[in-house]
Number of protein chains: 2
Amino acid sequence: MEKVKFIDLKSCILQENDDTAAEVRKYTKEKNVFLWNIMSSPGSGKTTFITKIIELIGNQYRIGVIEADIESTYDSEKLVKLNVPTVQLRTGGGCHLEACMVMEALKKLPLDDLDIVIVENVGNLVCPAEFDIGADFPMMLLSVPEGEDKAIKYPLMFTVTDALVVTKIDALPFFDFNFDALNINCKKLNSKLKIFSISAKTGENCDQFVEYLLERVNNKIIKI
Amino acid sequence: MEKVKFIDLKSCILQENDDTAAEVRKYTKEKNVFLWNIMSSPGSGKTTFITKIIELIGNQYRIGVIEADIESTYDSEKLVKLNVPTVQLRTGGGCHLEACMVMEALKKLPLDDLDIVIVENVGNLVCPAEFDIGADFPMMLLSVPEGEDKAIKYPLMFTVTDALVVTKIDALPFFDFNFDALNINCKKLNSKLKIFSISAKTGENCDQFVEYLLERVNNKIIKI
């Protein structure tokens with residue numbers, strides 16, 4: 001008797017996504033553009049962080065943004081006001097971005113006139129971690145009010161990102177946040193994870209992160 | 001020529017889940033237990049909120065907890081210390097609970113000796129909203145640091161829940177949080193949504209929520 005054929009749909013989807021992510025990498029290399037994927041829970045401060053980065057390096061680097069949201073153009077409207085080319089991806093219920101969506105968005109941006117494309121992923125600490133979108137720099141934010149225990153409870157995100165930026169440190173007097181515990185738990189998951197702590201609101205420590213970011217950017221693109 | 005047959009896998013999964021959710025409702029009715037589903041982003045304070053509720057009503061009502069986490073038993077260990085019967089569901093990467101998981105967990109709890117079972121869903125403002133777990137009371141938390149714009153950006157959660165509890169109001173001096181905008185946006189999505197604002201840390205306003213909760217509990221179960 002023949003055995004039942006088993007199709008692992010999840011592997012199929014992830015394999016297809018990985019193939020498209022490789023195409024995204026090839027495309028941004030050709031276009032001489034640095035692709036940066038920012039992930040976090042809802043409300044960790046992704047849009048505020050991106051706004052601060054644009055303020056700090058927008059006069060040296062030409063930046064475009066891909067905004068992913070389930071609904072609304074709430075965040076992209078904020079960025080358009082900064083005169084930054086922005087594409088809004090509406091996932092319509094979808095809980096994460098996939099490489100094919102990013103490819104579509106890239107084609108709608110004026111890449112020949114850009115150095116860096118920032119992707120603000122869907123606010124979700126779980127699903128986006130499963131999908132490589134072909135970024136040169138996958139990173140995550142974790143805000144002080146969320147607590148340092150998130151590395152224990154949502155480990156995958158901490159293993160697929162190169163840097164963790166702890167945001168809202170201006171709120172530290174209000175919350176118990178154990179940096180030592182965070183460091184220990186993160187290092188167990190991802191020994192190469194670079195950890196920063198900043199306040200995008202006050203600007204505190206943002207220069208340290210920017211230095212690291214620009215080193216990565218300049219390692220990939222040839223600035224015109 | 002025959003048309004291609006099309007299987008909508010998502011509808012299949014959701015239909016199967018709805019059927020099991022109905023079984024969960026039947027089962028908790030037989031067992032005279034109130035099932036309460038608490039959803040939110042990571043770090044909104046679900047465990048702290050549950051701990052506060054147990055402190056406030058644990059002497060009048062016999063409470064059990066189902067803790068859902070992707071990894072770790074971090075939260076359930078806190079609850080076990082309170083002498084509350086607790087089942088840990090490890091989703092192993094899964095981003096939400098489904099009714100079948102809750103049914104399994106219910107069977108591991110001493111339901112004959114319980115009045116209320118609290119489910120702490122996976123910290124995720126997106127996916128858990130799609131899956132009815134058969135609860136008598138689906139509700140959500142939103143913490144002040146996350147911001148009031150979440151109703152615009154993650155609308156489904158606000159439409160499938162009966163109550164929204166804004167948490168961490170003790171941090172209001174530190175964050176811009178527009179309650180008027182929240183109310184307006186919520187009412188557009190779900191005119192019946194009951195909105196509370198509390199601090200589980202200081203206990204502020206918790207009594208108002210507890211009054212509402214117990215009315216719902218007493219409407220379902222016959223207290224022994």
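Nothing here was measured: the structure is a model prediction, and the numbers come from that model. Labels below follow one simple rule: chain letters A, B, ... track the order of the sequence lines, proteins then strands, and each chain is numbered from 1.
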Checklist entry - Do other residues, nucleotides or ligands put more than 12 heavy atoms under 6.0 Å from Asp176(B) CG? => result no

Next on the checklist: Quick check on the interface: out of Gly123(A), Gly94(A), Ser44(A), who has the most heavy-atom pairs with chain B under 4.5 Å?
Outcome noted: Gly123(A)

Next on the checklist: Taking side chain as everything from C-beta outward and backbone as N, CA, C, O, which of these in Leu156(A) sits under 4.5 Å from a heavy atom of chain B? Side chain, backbone, both or neither.
Outcome noted: neither

Checklist entry - Should we count NZ of Lys194(B) as having more than 12 external heavy atoms under 6.0 Å? => result no

Item to check | Phe174(B), part contacting chain A, at a heavy-atom distance under 4.5 Å | outcome: both

Checklist entry - Using non-hydrogen atoms only, which part of Lys153(B) is less than 4.5 Å away from chain A: side chain, backbone, both, or neither? => result both

Checklist entry - Glu71(A) and Pro155(B): which non-hydrogen atoms are nearest, and at how many Å? => result CG-CG, 3.4 Å

Checklist outcome for this item: Gly43(A) and Lys150(B) have their tightest heavy-atom pair at N-CE, 3.2 Å

Item to check | Spacing of CG belonging to Asp149(B) relative to OH belonging to Tyr74(A), to within rounding of 0.5 Å | outcome: 4.5 Å

Next on the checklist: At a 4.5 Å cut-off on heavy atoms, which part of Pro42(B) comes close to chain A: side chain, backbone, both, or neither?
Outcome noted: both

Checklist entry - For Pro145(A), is it the side chain, the backbone, both or neither that has a heavy atom under 4.5 Å from a heavy atom of chain B? => result both

Checklist entry - So which heavy atom on Ile70(A) is nearest to which on Tyr154(B), and how close? => result CD1-CD2, 3.7 Å

Checklist entry - Which one of Thr73(B), Asn124(B), Val122(B), Val144(B) has the most heavy-atom pairs closer than 4.5 Å to chain A? => result Asn124(B)

Checklist outcome for this item: Nearest heavy-atom contact between Val126(B) and Cys95(A) is CG1-CB, 3.5 Å

